[in-house]
Amino acid sequence: MVTVTTGIPYVGIAEYAYGFSDGFSLGIVAGITPKVGAYGFRVRAILARPSENSRIYFRMPAFYYPRTQDLGGDPWVLAWPVVSIEWKLDSGTRISAGGGVVVASCFDSFVKTLGLSSKEMEEDEGFMGGAWNTLHAGVAFPVSETIMFQSEATVVMSGIKVAGKDWVGGPPVIVVVGFSYSL
């Protein structure tokens, strides 16, 4: 499957995903924001199928952001594990809702957490990292037999409050609109 989307905070994201089975796929992803580009991967897995027209699934995009002018100049990493429930209507339209956690860290801090740091690494400065919970809702519908329109809106939170200035992604919302093409 090839997917192309736009939204907040990305100007554009492209993904090529391969389905290893009906319940698991892995994709490579590249995107660009107004300030920095990123690349990484996305995992998707169906966790349960409560009925013929519903499923509970997991997805997790993970991105690497090269050295930037913002966030202390450090390269950094971000992962966003999400669990969603999706209902498929007779028309083929899919409605989904769920939650997740965005975790971001400067690359040096991430490497140190894994116990792989060297003495040459600089003292911690700039962006160190953080975690924010998310709630989302989405709708997708078929445009043709092979093309699907998709949209999703996510609010980024710190506990029960909308995230503040500590959130790395700009406004505390993530909005995605795009198309997927099944090969």
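Only heavy atoms go into these numbers, but all of them, side chains included; no hydrogens, no water, no symmetry mates. The residues of the chain are indexed from 1 along the displayed sequence.
- Criterion: ILVMFWY side-chain heavy atoms under 4.5 Å apart, direct or through other members. Under it, Val103 and Val156 are not part of a common hydrophobic cluster.
- From Trp80, atom CH2 reaches atom OG1 of Thr154 across 4.0 Å, with rounding to the nearest 0.5 Å.
- For the atom pair Tyr57 OH and Ile85 CD1, the distance stands at 10.0 Å (nearest 0.5 Å).
- Note: Trp167 CH2 to Thr134 OG1 = 8.5 Å, rounded to the nearest 0.5 Å.
- Residue pairs meeting the salt bridge (charged side-chain N to carboxylate O under 4.0 Å, His left out) criterion with at least one member in residues 134-162, sequence neighbours excluded, are Arg59-Glu152.
- Residues satisfying the salt bridge (Lys or Arg N to Asp or Glu O under 4.0 Å) criterion with Glu15, sequence neighbours excluded, are Arg42, Arg44.
- Note: Phe149 and Phe141 have tilted aromatic rings, judged against thresholds of 30 and 60 degrees for the angle between ring planes.
- Residues Ile147 and Val177 share a hydrophobic cluster, clusters being chains of Ile/Leu/Val/Met/Phe/Trp/Tyr side chains in contact below 4.5 Å.
- A search for side-chain contact (heavy atoms from CB on, under 4.5 Å) contacts involving Val83 returns Leu47, Ile56, Phe58, not counting sequence neighbours.
- Rounded to the nearest 0.5 Å, atoms OH (Tyr65) and OH (Tyr39) are 12.0 Å apart.
- Ser91 and Pro142 make their closest contact through O-CG, 3.9 Å (heavy atoms, listed as atom of the first residue, atom of the second, distance).
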Going by atom type alone, with no hydrogens or angles, which donor-acceptor pairs under 3.5 Å involve a side-chain atom of residues 17-34 and a protein atom two or more places apart or on another chain?
unit_1, atom_1, unit_2, atom_2, d
Ser21, OG, Gly23, N, 3.1
Ser21, OG, Phe24, N, 3.2
Thr33, OG1, Lys35, N, 3.0
Thr33, OG1, Val36, N, 2.9
Thr33, OG1, Val36, O, 3.0

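- Put simply, CG on Asn133 and OG on Ser158 are 7.0 Å apart, with the number rounded to the nearest 0.5 Å.
- Every side chain to side chain donor-acceptor pair (under 3.5 Å) that Ser180 has, sequence neighbours left out, goes to Thr3, Gln150.
- Both Val176 and Tyr10 are members of a single hydrophobic cluster when ILVMFWY side chains are connected at heavy-atom separations under 4.5 Å.
- The minimum heavy-atom distance between Val162 and Pro172, with the atom names listed, is CG1-CG, 3.4 Å.
- Hydrophobic clustering keeps Met148 apart from Ile95 (ILVMFWY residues linked when any side-chain heavy atoms are closer than 4.5 Å, directly or through intermediates).
- Hydrophobic clustering keeps Met157 apart from Val173 (ILVMFWY residues linked when any side-chain heavy atoms are closer than 4.5 Å, directly or through intermediates).
- Residue pairs meeting the salt bridge (charged side-chain N to carboxylate O under 4.0 Å, His left out) criterion with at least one member in residues 80-103, sequence neighbours excluded: Arg55-Glu86, Glu86-Arg94.
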